[in-house]
Amino acid sequence: MQAKTLRVGLVGYGFMGRTHSNAYRQVNQFFDLSYRPELVAVCGREANKAREFAASWGYNSVERDWRALVARNDIDLVDIASPNNTHAEIAIAAAEAGKMVLCEKPLGRNLAEAAPMVKAVEQAGVPNMVWYNYRRVPAVTLAKQLIDEGALGRIFHYRAKFLQDWTISSKVPLGGQALWRLDADVSGSGVTGDLLAHCIDTALWLNGPIESVSGMTETFIKERTNAVTGQAALVRIDDASAFLARFENGSLATFEATRYARGHKALYTFEINGENASIAWDLHDLHRLQLFEYKDQGRLRGWRSIHVTDGEHPYMKHWWVPGLQIGYEHTFIHQLADFLGGLSDGARTGPTFTDALETEKVIDAVLRSATSGTWIRCT
Ligand SMILES: NC(=O)c1ccc[n+]([C@@H]2O[C@H](COP(=O)([O-])OP(=O)(O)OC[C@H]3O[C@@H](n4cnc5c(N)ncnc54)[C@H](O)[C@@H]3O)[C@@H](O)[C@H]2O)c1
């Protein structure tokens, strides 16, 4: 059967613009789908760079203003891969124009900005999704399968970390094209909205709703040079963030993220301890899931490292042969494949905007708790 064309307009040609474009180009090569993305236009503010990107990734045209992209009637889906301060305005306009909307995480800079985005896509009734891509690491999807099958039994503990070390130097400036993550006006928050957002999304997916949190944050370097003005500027993002959480299922959790963990580049890890089994995962070794099962024969009991590369493992039958690994970029291809599959069978592919709002509620509660010094309910 001939696949239907899905005409894509992408906003932003940076890091995520590349991962998404790669997914659009690869997805039909590896997944049998009834939709085929067509790269109609890419939007970026610098015309030369946008043209270079379009030529390199195969987009048919270029727009310099996202409003022009949203207004085009030859685009079915708007994909937002630009910084956090642009998400709400673009997503709401795209939904109102009747476009499907895919948006990078976090949904908005804060809860107040994210809530109307959900309302807009719900009112317009347009398919929507947020790129919390770590759900689609095959080892993480396998963890979800094991938990849903009851392999862990009652869950007692959830422990997540996301560690980086790229802002330790006080010489790293703030703001501008490259360092918008350090500018609270653009990013909304620091590591809570940037890194912990991923940990929270995965945790809500694997372990259910979080009932309440107690957080603390720190800004280690209080002043940096603004990359645009050259002037000294106050740093208003959280450099590090940690929180305790109680899940609705009764389990206790710790979450931590920082950009000051010398030696760590993108160390996203989680460990879950249940009555019958424990599982652990590590982004630096993303194709492995560690599993300990108490039911194993006593003298052989121990942690086993599952190399998640077999055809029986989630997504892996679409790739090479057992034993051969895939990587980071494939998580975006998997998420897109699921979204396109959902379009054919009418399923809502998560995380939808509504799902992502739950993450925003936890982020909001963590930041409020860090300010007030009290426990805050999320539900
Ligand atoms: N899912 C993930 O794992 C993941 C990883 C990194 C970033 N992100 C998210 O993706 C988004 C983009 O991050 P990035 O790392 O790709 O940033 P980036 O700085 O590499 O790229 C951002 C792009 O947006 C463009 N842009 C900025 N303002 C714009 C505007 N008003 N109109 C059109 N284009 C505009 C920039 O020119 C640039 O091309 C952020 O929301 C970020 O949180 C998600």
Side-chain angles (χ1 to χ4, degrees), residues 9-23 41-54 56-57 59 62-70 78-91 93-94 101-110 113-114 117 129-137 140 162 164 166 174-202 227-228 237 257 259 265-268 283 286 327-336 339 351 353 356 359-360 363:
L10 172 76
V11 184
Y13 46 69
F15 175 21
M16 285 301 112
R18 293 165 66 225
T19 61
H20 297 191
S21 300
N22 180 58
V42 59
C43 169
R45 291 166 306 174
E46 287 183 51
N48 280 346
K49 283 192 186 162
R51 273 197 291 273
E52 262 174 44
F53 187 92
S56 142
W57 288 96
Y59 286 84
V62 163
E63 294 289 352
R64 290 192 52 207
D65 186 338
W66 62 262
R67 289 169 192 82
L69 185 93
V70 166
V78 171
D79 183 6
I80 306 164
S82 42
N84 307 352
N85 61 327
T86 64
H87 294 184
E89 217 182 349
I90 303 175
V101 195
L102 303 188
C103 185
E104 258 308 338
K105 49 59 59 178
L107 194 55
R109 279 176 294 187
N110 51 49
E113 198 170 65
M117 298 170 72
M129 189 177 69
V130 180
W131 291 97
Y132 280 112
N133 56 305
Y134 293 114
R135 291 187 184 197
R136 266 76 179 195
V137 175
V140 177
F162 206 137
Q164 300 186 332
W166 60 278
L174 166 164
Q177 284 274 352
L179 293 154
W180 59 263
R181 280 177 177 75
L182 276 68
D183 180 353
D185 288 339
V186 180
S187 57
S189 70
V191 295
T192 310
D194 192 32
L195 305 179
L196 280 179
H198 279 299
C199 304
I200 296 165
D201 173 74
T202 316
V228 180
I237 57 150
R259 295 181 183 135
K265 301 302 166 194
L267 188 69
Y268 175 15
L283 175 57
L286 87 176
Y328 175 72
E329 69 273 31
H330 300 84
T331 62
F332 295 89
I333 302 174
H334 297 163
Q335 186 162 356
L336 181 63
F339 177 79
F353 277 33
T359 295
E360 296 290 338
I363 292 170

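FYI, side chains are in, hydrogens and waters are out, and symmetry mates aren't considered; it's all heavy atoms of this structure. None of these values were measured; they are calculated from a predicted model. Every number for a ligand or one of its atoms is a count from 1 in the order of the listing.
- In this structure, L283 and A266 approach most closely via the heavy-atom pair CD2-O, 3.3 Å.
- The nearest protein atom to atom 22 (C) of ligand 1, hydrogens excluded, is given as P83 CD, 3.7 Å; this is a heavy-atom distance.
- Side-chain contact between L182 and R259 is present, with heavy atoms from C-beta onward closer than 4.5 Å.
- Annotation: Y134 places no N or O atom under 3.5 Å from an N or O atom of ligand 1; distance criterion only.
- Using a distance-only test at 3.5 Å, with no hydrogens or angles considered, a donor-acceptor pair links the side chain of E360 to the main chain of L107.
- Using a 4.0 Å cut-off between heavy atoms, W180 contacts ligand 1 through its side chain alone, with no backbone atom that close.
- Here D65 has no heavy atoms under 4.0 Å from ligand 1, in either its backbone or its side chain.
- Across the listed options N84, T86, T19, T86 owns the non-hydrogen atom lying nearest to atom 31 (N) of ligand 1.
- Counting heavy atoms under 4.0 Å from ligand 1, residue A178 does not touch it at all.
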message: Working note: K105 + D194, criterion side chain to side chain contact (heavy atoms under 4.5 Å, CB included); need CA distance, chi angles, decisive distance, verdict.
response: CA-CA 8 Å; K105 49 59 59 178; D194 192 32; 3.1 Å; yes
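- Under 4.0 angstrom from ligand 1, the non-hydrogen atoms of Q177 come from both its backbone and its side chain.
- Nearest approach of R64 to A47, heavy atoms of both residues: CD-CB, 3.4 Å.
- The shortest separation from a heavy atom of K49 to ligand 1 is not under 4.0 Å, leaving the residue out of contact.
- The protein atom (non-hydrogen) at minimum distance from atom 12 (C) of ligand 1 is A81 O, 3.4 Å.
- Regarding atom 34 (N) of ligand 1, its nearest protein heavy-atom neighbour is V11 CG1, 4.0 Å.
- Among V70, L102, L10, the single residue meeting the side-chain contact (heavy atoms from CB on, under 4.5 Å) criterion with V78 is V70.
- Of the listed options R18, R67, R45, R45 places a heavy atom closest to atom 30 (C) of ligand 1.
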message: Assess the residue pair Y268 and T202 against the criterion (side-chain hydrogen bond (donor to acceptor under 3.5 Å, both in side chains)); give the C-alpha distance rounded to whole Å, side-chain angles, the decisive distance to 0.1 Å, and a yes or no.
response: CA-CA 11 Å; Y268 175 15; T202 316; 2.7 Å; yes
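- The nearest heavy-atom contact from the protein to atom 20 (O) of ligand 1 is F15 N, 2.9 Å.
- Comparing heavy-atom distances from atom 2 (C) of ligand 1 across L179, N133, V186, L69 singles out N133 as nearest.
- L174 places a side-chain heavy atom less than 4.5 Å from the side chain of D183.
- The OG atom of S56 sits 14.5 Å away from atom CZ of R51, with the distance rounded to the nearest 0.5 Å.
- Salt bridge D65/R45: absent, no basic N to carboxylate O contact under 4.0 Å.
- At the shortest separation from atom 21 (O) of ligand 1 among protein heavy atoms lies G14 CA, 3.4 Å.
- With respect to H20, the ring pair (Phe, Tyr, Trp, His ring centres under 6.0 Å) criterion is satisfied by exactly one of F339, F332, W57, F15: F332.
- No hydrogens or angles considered: nothing links the side chains of E113 and H87 as a donor-acceptor pair under 3.5 Å.
- When only interatomic distances are considered, the shortest N/O to N/O separation between W66 and ligand 1 does not fall below 3.5 Å.
- Of the heavy atoms in H20, none comes closer than 4.0 Å to ligand 1.
- Of the protein's heavy atoms, G12 CA, 3.9 Å lies nearest to atom 25 (C) of ligand 1.
- Residue-to-ligand polar distances keep F332 apart from ligand 1: every N/O pair is separated by 3.5 Å or more.
- E329 places no side-chain N or O within donor-acceptor distance of the main-chain N or O of R18, the cut-off being under 3.5 Å.
- For atom 8 (N) of ligand 1, the closest heavy atom belonging to the protein is M16 CG, 3.4 Å.
- Proximity of K105 to ligand 1, defined as any heavy-atom pair under 4.0 Å, is shared by backbone and side chain alike.
- Taking every heavy atom of Y328 and a limit of under 4.0 angstrom, the matching atoms of ligand 1 come to 3 (O).
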